[in-house]
Structure formats: structure tokens, C-alpha cells
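Values below: all heavy atoms of this structure, side chains included; hydrogens, waters and symmetry mates excluded.
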Amino acid sequence: MDVSQGVKTDVKTANGMMVPGTFRVVAGPCTVESYKQFEAGAKAVKRAGFEYVRGGAFKPRTSPYSFQGLGEEGLRIMAEVSRDLGMKVVTEVMDPYDIELVMEHADILQIGARNMANFSLLKRIGAAIAGTDHGVVLKRGLSATVEEWLLAAEYVTSSGGDNVVLCERGIRTFETSTRFTLDLSAVIVAKRLTDLPVIVDPSHAAGRRDLVVPLSKAAVAAEADGLMVESHHDPREALCDGEQALPVGALFGLKDALQPFASAMGRRVI
Ligand code: PEP
Ligand code: MN
């Protein structure tokens with residue numbers, strides 16, 4: 001399909017994740033490190049007023065020597081903690097082999113930036129979620145154009161799966177003061193070309209926690225439908241991405257920090 005005509009689908013809710021008139025916040029640690037760590041992290045997200053918790057069990061690390069995640073044990077931890085707290089889980093699936101396992105334990109499947117152009121994974125996830133209540137968060141690739149990102153979404157939707165949410169997470173530029181460069185114009189452009197909801201991940205874009213709240217406010221103003229942010233109950237001890245994790249205090253203040261901007265856009269932060 002020619003994306004200049006837009007990716008036309010009905011407005012989907014991604015398993016209830018996206019609700020009209022609201023601005024959805026997903027928060028939680030980069031990685032599930034232990035039961036205790038994820039439980040503390042998820043409880044903080046809930047206390048901050050949010051229902052959707054993120055965490056990685058399968059981690060796409062740049063170095064093969066970095067912590068790769070707890071795998072199936074991480075999925076079980078997220079499922080148990082979220083069930084006890086009445087929360088929903090967003091987690092990445094990296095390998096077609098793991099799709100069913102991840103679907104058993106999580107509500108929303110994340111396709112990471114490094115896998116945005118893994119077309120066989122996109123097709124298999126699309127086919128797997130077709131007719132189910134699961135949703136997909138599709139991160140934009142590190143160097144992908146908006147057109148490539150939307151066509152990647154079509155790989156999922158045309159394989160039968162709908163309920164796709166796009167996520168802008170920063171792109172590679174020459175700028176070195178941030179880890180990536182958050183491309184908010186892409187959010188606006190994507191929203192003009194498609195009916196799919198678009199959320200923003202300021203944590204991976206900035207790579208620095210001091211920019212996460214200001215960029216989140218900017219995301220609201222740029223017509224984003226939600227956010228995915230990393231948080232940790234003790235960022236200094238985080239096994240992955242601690243420098244960009246919001247500590248508990250900032251997480252607790254996030255809803256109030258965003259609501260005035262969301263109100264100006266006619267939305268309620270949830
Ligand atoms: C993540 O959200 O944990 C992650 C690895 O993000 P990205 O794929 O955008 O780098
Ligand atoms: Mn991370």
C-alpha cells in the first residue's frame with residue numbers, strides 16, 4: 001500500500017491500552033532483574049497512578065556480554081506481579097520462537113527498534129495476535145524513515161493482526177548530547193498518515209533522566225497518544241539503562257506534571 005494514502009485501519013484500542021480522550025502512560029524498568037526488583041518497580045508505577053507496566057525479559061543488548069534478561073523466568077515474574085496488582089504488561093519479543101510464550105504472559109507485545117525491519121518477525125506476530133486481545137507496540141527503527149516505520153506496521157496489520165501502536169523512541173543523528181534524537185515531527189507526521197495511535201519513549205531517546213519529563217510534556221503537545229518511560233526503584237543499582245530511569249520521586253510526580261499539558265490537548269492522563 002502507498003503510505004501517502006495512509007495506513008487506513010479502524011481505530012484500534014490495542015487490548016484497551018488506548019482509550020479515546022486519554023493520554024496513556026506505560027512505565028517500569030528496562031529489564032526484569034528479580035521478583036523483588038520488578039515487584040517494587042510495578043508497585044511504584046501503580047502508586048504513581050498508572051496501570052500499564054513495562055519490563056524486558058528478552059533484551060536486545062548492543063554487547064553480547066551485557067545482561068541479556070531473565071527470559072522465561074522474567075515473563076513469569078511479570079505475569080505474577082501484574083496479576084496480583086491488577087496491571088497490564090508490555091514486554092518485548094525478539095524471536096519468532098518466543099511469540100506464544102510471551103503472549104501467554106503479557107498483554108502487549110513490543111517489537112524493538114532493532115527489529116522494526118525484521119519482516120518475518122512482524123508477519124509472525126501479526127498472524128499470532130490476529131483474533132486475540134493482544135496488542136503490539138512497534139518501535140521506530142534507529143534509522144528508519146516514517147514511511148519505513150508505517151510500512152513495518154502494515155506487515156503486522158496485513159498479516160491479520162491489528163491493535164498496533166507506534167512508538168517514536170529517538171533516531172540516530174550527529175547530536176551527542178543525547179543518546180538518540182527524539183523526533184517529535186515524526187509523531188505528528190505519522191498521526192496524519194495513519195489512524196494508528198502513536199506513543200513516545202523519551203527515555204531511550206534522551207538516555208538521560210533529566211530530559212525525560214520535559215520531553216514527555218513536549219510529546220503531549222505534539223499530539224502523542226501516550227508515553228513509555230523507564231523507571232526504577234533504585235536507578236543506581238539498575239542492571240540496564242539506569243542513567244535514563246526515572247527514580248520513584250519523579251515517577252510519582254509525573255501524572256501531575258503532565259496533566260496541565262494534557263488538559264490543554266483535551267486529554268486525561270491515565
Ligand atoms: C526497550 O524499550 O527496552 C528497548 C530496548 O527499546 P528500543 O527497542 O527502542 O531500543
Ligand atoms: Mn531500556
- prompt: Any side-chain heavy atom of Ile125 within less than 4.5 Å of one from Val136?
  reply: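 SC-SC contact between Ile125 and Val136 confirmed.
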field: Lys59 side chain reached by Gln68 side chain, heavy atoms, under 4.5 Å
entry: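 Result no, sub-4.5 Å side-chain heavy-atom pair not found.
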query: Restricting to pairs with a member in residues 255-269, which pass salt bridge (Lys or Arg N to Asp or Glu O under 4.0 Å), not counting sequence neighbours?
result: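 Every salt bridge (Lys or Arg N to Asp or Glu O under 4.0 Å) pair that includes a residue of residues 255-269, provided the two are not neighbours, is Asp225-Arg267.
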- prompt: salt bridge (Lys or Arg N to Asp or Glu O under 4.0 Å): which pairs involve residues 163-174, sequence neighbours left out?
  reply: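 Checked against salt bridge (Lys or Arg N to Asp or Glu O under 4.0 Å) - neighbours excluded - the pairs reaching residues 163-174 are Arg140-Glu168.
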Considering only residues two or more places apart or on different chains, which pairs with a residue in [range] satisfy ring pair (Phe, Tyr, Trp, His ring centres under 6.0 Å)?
range            : result
residues 13-52   : none
residues 55-86   : none
residues 193-249 : none
residues 138-164 : Phe119-Tyr155

Donor on one side chain, acceptor on other, Glu175 and Ser177, under 3.5 Å: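 The answer is yes; a qualifying pair exists.
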message: Can you confirm whether the side chains of Asp183 and Ser185 place a donor and an acceptor under 3.5 Å from each other?
response: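 Per modelled atom types, Asp183 and Ser185 side chains form a pair under 3.5 Å.
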Do [X] and [Y] sit within salt-bridge range, that is, some charged N less than 4.0 Å from a carboxylate O?
X      : Y      : answer
Arg54  : Glu230 : yes
Lys43  : Glu39  : yes
Asp241 : Arg179 : yes

Met87 reachable from Val248 in the ILVMFWY side-chain graph, under 4.5 Å edges: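 No.
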